Amino acid sequence: MKNVAIIGGGIAGPVTALALRKAGIDATIYEAYPTSAEGVGGSLVLAPNGMAALEIVGVAGAVRAAAQPSTRSVMTLANRTRLELPSLSQVGPLHAVRRADLYRALHDEAVKQGVNVEYGRRLTGVEGTTAVFADGSRARFDVLVGADGIHSTVRRLIDPDAPGPKWTGMLGVEGVSSYDVPEDPETIVFAFGRRGYYLYWRNAAGGSTWGVNLPYHRPLSLTQAREVPREEWTRILLETYGEDVPGGDLLRHTPMTSMQVTGALYIMPSVPHWYRDRMVLVGDAVHAPSNSSGQGASLSIESAVELARCLRDIEDVPRAFATYERLRRTRVEKVAARTYKINSTKTPGPVVQKLIPLLMPLMLKTFMNPDKTVGPEQRYRIDWDTPVGAAAHLA
């Protein structure tokens, strides 16, 4: 295998390239945008399983240095109820990190290891084992990896009838406020406000980071969202969250220049075909769970590493792809199913608003046994050194 073409240079793409290099396979990343993604994107949380997968490709240390650890989670309901969320023991903290910082760590390591990245190469089609780009250029491949996100071109090439992403009814917005919330810096608070959901944490260096899942009447792309003046977004946010505590204070102490609208939030339904011929999907292109899962980025990183492991150990490419899907599909779809219904509580109507304070504590006591719910997700570890087939993974 001499030519692996990776379409997409976000998160899953560089991880795939680094894992393939560790497996002794060279790859080239083809990124549609003309420049790197420095400074682009909001924040995300990496779970312990995601950090363990980053250890395999040698990036975990750099990510920890840029991230803020969180060892405690709290849920608040309609300004009245505060609940301590149960936690797992001996798995390590969550890590809140800016997407741009995660990208930079992956990109720097890829460059250091000699991974070739070509910008301005937007894939438009495939002819046999040749990728065709919008600028007229072409590239031969032995394997083509679609790491091109939730609006994946490669997914459509594999299966023109593949389902597309589903909008959640919400937009992502976040910012950094000068308001210091009365929390320990290692605590993340998940708040169900009067009209919408938000989360926040106190920054170790001062101030607080917040993010909202803003109920909205139509999906907006990143470009469309940024065409709306920040003053208008501030008005909408205050209308939605201004009566919440501390949501209102966080917003009123946020400079408009520090606010980011990241566009519509999507989830992926089950994708029937993960691969065809010499093409295969990885990351959000094939499994993007609700952001309520806290596992989106971590699952993408895991899948990238597992794909490289299968290509390392199984010479027959279709069988390698089939094994990769077998190792990953059940896991990612269980995570998606666990969190799918949570989205309805993030855009509550009047009846749901009144029921949430009553139902949430009961749900936590009845269903939120962390060892049964998030335990299998966060304790999962890929056994990189064991050949595929000898042992699928250590959980």
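Sequence positions, counted from 1, serve as the residue numbers for this chain. Computed from a predicted structure; not experimentally measured.
- Side-chain contact between Ile301 and Leu54 is present, with heavy atoms from C-beta onward closer than 4.5 Å.
- Annotation for Glu232: atom CD counts as buried by contact number, over 12 foreign heavy atoms lying within 6.0 Å.
- Atom CD1 of Ile11 and atom NE2 of His107 lie 13.5 Å apart (nearest 0.5 Å).
- Salt-bridge formation is detected for the pair Arg235/Glu239: a Lys NZ or Arg NE/NH1/NH2 atom is positioned less than 4.0 Å from an Asp or Glu carboxylate oxygen.
- Between Val154 and Val280, the closest heavy-atom pair is CG1-O, 4.4 Å.
- Here the side chain of Asp159 pairs a donor or acceptor atom with the backbone of Asp161 at under 3.5 angstrom.
- Using a 4.0 Å cut-off between charged nitrogen and carboxylate oxygen, Glu55 and Arg64 count as a salt-bridge pair.
- In the hydrophobic clustering of ILVMFWY residues, with side-chain heavy atoms under 4.5 Å counting as a link, Leu144 and Tyr119 come out together.
- A donor-acceptor contact closer than 3.5 angstrom is absent between the side chains of Ser177 and Arg252.
- A donor-acceptor pair under 3.5 Å links the side-chain atoms of Thr234 to the main chain of Arg230, judged by distance alone.
- Between Glu186 and Arg202 there is no salt bridge, since none of the side-chain N atoms of the basic residue sits less than 4.0 Å from a carboxylate O of the acidic one.
- Hydrophobic clustering of Ile, Leu, Val, Met, Phe, Trp and Tyr side chains at less than 4.5 Å, counting indirect connections, unites Val228 with Met259.
- Asp313 contributes a side-chain N or O that, together with a main-chain N or O of Val388, makes up a donor-acceptor pair within less than 3.5 Å.
- Note on Val176 and Trp201: separate hydrophobic clusters, where clusters join Ile, Leu, Val, Met, Phe, Trp and Tyr whose side-chain heavy atoms are under 4.5 Å apart, directly or indirectly.
- Using a distance-only test at 3.5 Å, with no hydrogens or angles considered, no donor-acceptor pair links the side chain of Ser293 to the main chain of Pro289.
- Distance check, rounded to the nearest 0.5 Å: CG of Leu281 to OH of Tyr275 gives 11.5 Å.
- Relative to the ring axis of Tyr33, Arg122 places its NZ or CZ within 45° and under 6.0 Å from the centre.
- Residues Ala27 and Leu20 share a closest heavy-atom pair of CB-CD1, 3.9 Å.
- Expressed to the nearest 0.5 Å, how far CG of Leu199 lies from OG of Ser73 amounts to 10.0 Å.
- The main-chain N or O of Arg82 is never found under 3.5 Å from a side-chain atom of Thr76 such that the two would form a donor-acceptor pair.
- Annotation: the span from Glu302 atom CD to His287 atom NE2 amounts to 8.5 Å, rounded to 0.5 Å.
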Taking it one step at a time, do Tyr266 and His151 satisfy side chain to side chain contact (heavy atoms under 4.5 Å, CB included)?
CA-CA 10 Å; Tyr266 292 95; His151 300 290; 3.8 Å; yes
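- Looking at heavy atoms from C-beta onward, Thr254 lies in side-chain contact with Trp210 at the 4.5 angstrom threshold.
- Listed here is the closest heavy atom pair of Gly283 and Ala12: CA-CB, 4.2 Å.
- Salt bridge status for Glu377 with Arg338: present, with a side-chain N to carboxylate O gap under 4.0 Å.
- Of all non-hydrogen atoms in Tyr324 and Glu306, the two that sit nearest each other are CD1-C, 4.2 Å.
- Between Trp233 and Tyr216, the distance separating the two ring centers is shorter than 6.0 angstrom.
- At a threshold of 4.5 Å between non-hydrogen side-chain atoms, the residues Ile29 and Asn116 do not count as touching.
- Taking CG from Leu237 and CG from Leu250, the interatomic distance works out to 11.5 Å, rounded to the nearest 0.5 Å.
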Where do Arg72 and Glu183 land on the side chain to side chain contact (heavy atoms under 4.5 Å, CB included) test, with the steps shown first?
CA-CA 10 Å; Arg72 179 170 173 257; Glu183 304 287 349; 4.2 Å; yes
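- Checked against the 6.0 Å centroid threshold, Tyr241 and Tyr198 count as a close aromatic pair.
- Using modelled atom types, one side-chain atom of Thr240 and one backbone atom of Ile236 make a donor-acceptor pair closer than 3.5 Å.
- Looking at Asp244, its side chain never comes within 3.5 Å of a backbone N or O of Pro246 through a donor-acceptor pair.
- A heavy-atom distance below 4.5 Å is found between the side chains of Val45 and Ile188.
- The residues Asp142 and Arg278 are annotated as not salt-bridged, no charged nitrogen and carboxylate oxygen being separated by less than 4.0 angstrom.
- Note that CZ of Arg98 and CZ of Arg104 are 9.5 Å apart. Values are rounded to the nearest 0.5 Å.
- The two atoms that bring Arg21 and Asp26 nearest to each other are NH2-OD1, 3.2 Å, heavy atoms only.
- A donor-acceptor contact shorter than 3.5 Å is absent between the side chain of Asp180 and the backbone of Ser208.
- Hydrophobic clustering (side-chain heavy atoms under 4.5 Å, transitive across Ile, Leu, Val, Met, Phe, Trp, Tyr) keeps Leu102 apart from Val111.
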From CA spacing to verdict: side chain to side chain contact (heavy atoms under 4.5 Å, CB included), Ile314, Phe321
CA-CA 9 Å; Ile314 302 173; Phe321 290 167; over 6 Å; no
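- At a threshold of 4.5 Å between non-hydrogen side-chain atoms, the residues Thr153 and Thr124 do not count as touching.
- Between the side chains of Ser70 and His95, not a single donor N or O lies within less than 3.5 Å of an accepting N or O.
- Taking a 6.0 Å sphere around CZ of Arg276, one finds it holds more than 12 heavy atoms contributed by other residues, nucleotides or ligands.
- Figure legend: cation-pi geometry between Arg312 and Trp384, with NZ or CZ positioned under 6.0 Å from the six-membered ring centre and within 45° of its axis.
- Counted by atom type alone, Thr262 and Glu174 present zero donor-acceptor pairs between their side chains at under 3.5 Å.
- No hydrogens or angles considered: nothing links the side chains of Arg138 and Thr130 as a donor-acceptor pair under 3.5 Å.
- Among all heavy-atom pairs drawn from Pro93 and Thr71, the shortest one is CB-CG2, 3.9 Å.
- Within the 3.5 Å criterion, the main-chain N or O of Ser221 finds a donor-acceptor partner in the side chain of Gln224.
- Residues Asn291 and Ile267 form no side-chain contact, since every pair of their non-hydrogen atoms from C-beta on lies 4.5 Å or further apart.
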Using the rule given for side chain to side chain contact (heavy atoms under 4.5 Å, CB included), can you reason through Ile25 versus Val4, listing the C-alpha separation, both sets of side-chain angles and the distance that settles it, and then say yes or no?
CA-CA 8 Å; Ile25 301 170; Val4 175; 3.7 Å; yes
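- By the criterion of side-chain heavy atoms lying less than 4.5 angstrom apart, applied directly or through intervening Ile, Leu, Val, Met, Phe, Trp or Tyr residues, Leu307 is grouped together with Val317 in one hydrophobic cluster.
- With a 4.5 Å cut-off on side-chain heavy atoms, Phe141 and Val126 count as touching.
- Two residues are said to be in side-chain contact when any heavy atoms from C-beta on lie closer than 4.5 Å; Pro48 and Leu94 meet this criterion.
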